[in-house]
Amino acid sequence: MAETLYIVIPCYNEEEMLPITAKELMKKMDALMDEGRISRNSKVMFVDDGSKDATWEIIEKLHNMQASDIFTGVKLSRNKGHQNALLAGLMTAKKYADIVISMDADLQDDINAVDGMLDKRAEGCEIVYGVRSSRETDTAFKRSTARGYYKMLELMGVEITYDHADYRLMSRRALEALSQFKEVNLFLRGMVPMVGFKSDIVTYERNERVAGESKYPLKKMLAFAIEGITSLSVKPIRFITALGVIIFVISIIMLIYFLITKAAGDTVRGWASTITSVWALGGLQMLAIGVIGEYIGKIYLETKARPNFIIDIDLEEQSSEHN
Ligand code: UDP
Ligand code: MG
């Protein structure tokens, strides 16, 4: 039996793009169904993220279309942002689907990569990441900042797939596991690798947006970038602690140096003690902030209530299923 595929697409003010996207996806879904690669119950699920234009009306129209019943939709009560809309779609789709693929409404991600994802799925993967093979369509600015950003995330100890956005296939099992992550600060591309399971990547060329404009202006992009670091890493706190230690050590060295120069009799009265205490106190305070931060970091991770483990294979369960 072919599996049921749901394609989840978050949409915010996408009235210009939706008709084009729907047409392309209908062709793709029909082809996949005809080839028997996905079941006839497969659907495209649009998530309206509180759009202010005719996005929802278009989704309803697509859903009520006579010629095809592959379109369905979910409407959020208000705009909650790309990541929340995406999660809403994934969690809704997992009720009906065996596998879910998420992509953007603007078709910047090549929909033909879906074939490759299904191939990997057939090989037993629970998660397949879509990875851009080139960034030629992006501006030089976006390209270089993105590169630097991924490097920085890596330094912060965040496990992330290079040049992977939110174009990915997840099985229902992987989604069930993801649903155990209770955090409200979402950076899905950093959270999904924590789920684990057998996974692989599929590369594709990224296209330009055909209609409408980017819903990610620089300000939102920066906020998203900071979210990525602060929701996945407590390293910035460690950095402060380390800085505090370094400054304190410098003050000790200064003290020793001043004592030596004093012994040599070559000093200005009062200066050495003032400067040394400024550095020593500064360093100690920073160290103290870092230590407090360390505990706040722990509280932060606790409040996220992430699962401590996710079981891939339980032989006991497998054998009882067969009985
Ligand atoms: N999006 C959303 N809610 C928002 C902003 C964006 O659901 O508040 C959707 C948008 O409709 C699109 C996807 O997120 O399907 C990615 O947005 P966009 O293509 O504008 O981002 P870019 O490709 O420029 O990074
Ligand atoms: Mg886009």
Side-chain angles (χ1 to χ4, degrees), residues 6-25 28 44-59 62 71-93 100-111 113-114 129-150 153 160-168 184-190 192 204-228:
Y6 266 51
I7 295 185
V8 167
I9 304 183
C11 308
Y12 178 59
N13 294 347
E14 297 282 5
E15 61 180 6
E16 285 170 70
M17 201 57 224
L18 267 187
I20 310 172
T21 307
K23 208 170 119 203
E24 291 293 317
L25 283 174
K28 188 76 210 167
V44 174
M45 177 180 274
F46 294 108
V47 182
D48 177 16
D49 184 17
S51 299
K52 291 174 179 65
D53 63 1
T55 299
W56 180 245
E57 284 71 39
I58 298 174
I59 295 171
L62 287 167
F71 294 111
T72 180
V74 177
K75 186 181 194 302
L76 298 193
S77 61
R78 53 157 296 171
N79 181 253
K80 292 298 279 178
H82 177 215
Q83 297 288 296
N84 289 310
L86 185 54
L87 188 69
L90 294 176
M91 291 304 131
T92 315
V100 179
I101 293 179
S102 51
M103 62 170 79
D104 289 351
D106 52 15
L107 294 190
Q108 280 185 284
D109 309 311
D110 181 10
I111 56 173
V114 167
Y129 301 93
V131 173
R132 285 167 231 176
S133 56
S134 76
R135 275 181 170 266
E136 262 146 45
T137 54
D138 282 345
T139 58
F141 174 73
K142 189 156 184 172
R143 213 162 32 205
S144 52
T145 48
R147 279 277 138 84
Y149 182 62
Y150 280 101
L153 279 180
I160 195 156
T161 312
Y162 212 65
D163 271 352
H164 158 70
D166 282 303
Y167 187 23
R168 73 179 86 80
V184 271
N185 299 293
L186 290 183
F187 190 74
L188 284 168
R189 67 193 69 166
V192 174
Y204 67 93
E205 293 280 336
R206 188 157 157 101
N207 308 315
E208 260 173 276
R209 203 181 230 283
V210 213
E213 54 201 39
S214 172
K215 272 76 193 172
Y216 266 103
L218 192 62
K219 206 174 120 204
K220 258 197 201 173
M221 218 163 80
L222 273 178
F224 185 56
I226 292 170
E227 181 76 49

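In each ligand, atom 1 is the first atom listed, and ligand 1 is the first ligand listed.
Geometrically, ligand 1 and Pro10 share a nitrogen or oxygen pair separated by less than 3.5 Å. For ligand 1, the polar-atom distance check against Ala85 finds no nitrogen or oxygen pair separated by under 3.5 Å.
Counting atoms of ligand 1 from 1 in the listed order, those under 4.0 Å from a heavy atom of Lys220 are 5 (C), 8 (O).
Using a 4.0 Å cut-off between heavy atoms, Asn13 makes no contact with ligand 1 at all. When non-hydrogen atoms are compared, ligand 1 lies under 4.0 Å from the side chain of Asp49 (C-beta onward) but not from its backbone.
At distances below 3.5 Å, at least one donor-acceptor pair connects side-chain atoms of Asp49 with backbone N or O atoms of Lys80. Proximity of a side-chain donor or acceptor of Tyr204 to a complementary backbone N or O of Ile111 within less than 3.5 Å is not detected. Using modelled atom types, one side-chain atom of Gln83 and one backbone atom of Leu188 make a donor-acceptor pair closer than 3.5 Å. Without hydrogens or angle criteria, Asp106 side chain to Gln108 main chain gives a donor-acceptor distance under 3.5 Å.
The distance from the Mg ion (ligand 2) to the nearest N/O/S atom of Asp106 is under 2.8 Å.
In this structure, atom 11 (O) of ligand 1 lies nearest to the protein heavy atom Glu14 OE2, 2.6 Å. Nearest protein neighbour of atom 6 (C) of ligand 1, counting heavy atoms only, is Lys215 CB, 3.6 Å. Scanning the protein for heavy atoms near atom 23 (O) of ligand 1, the closest one is Gln108 OE1, 2.8 Å.
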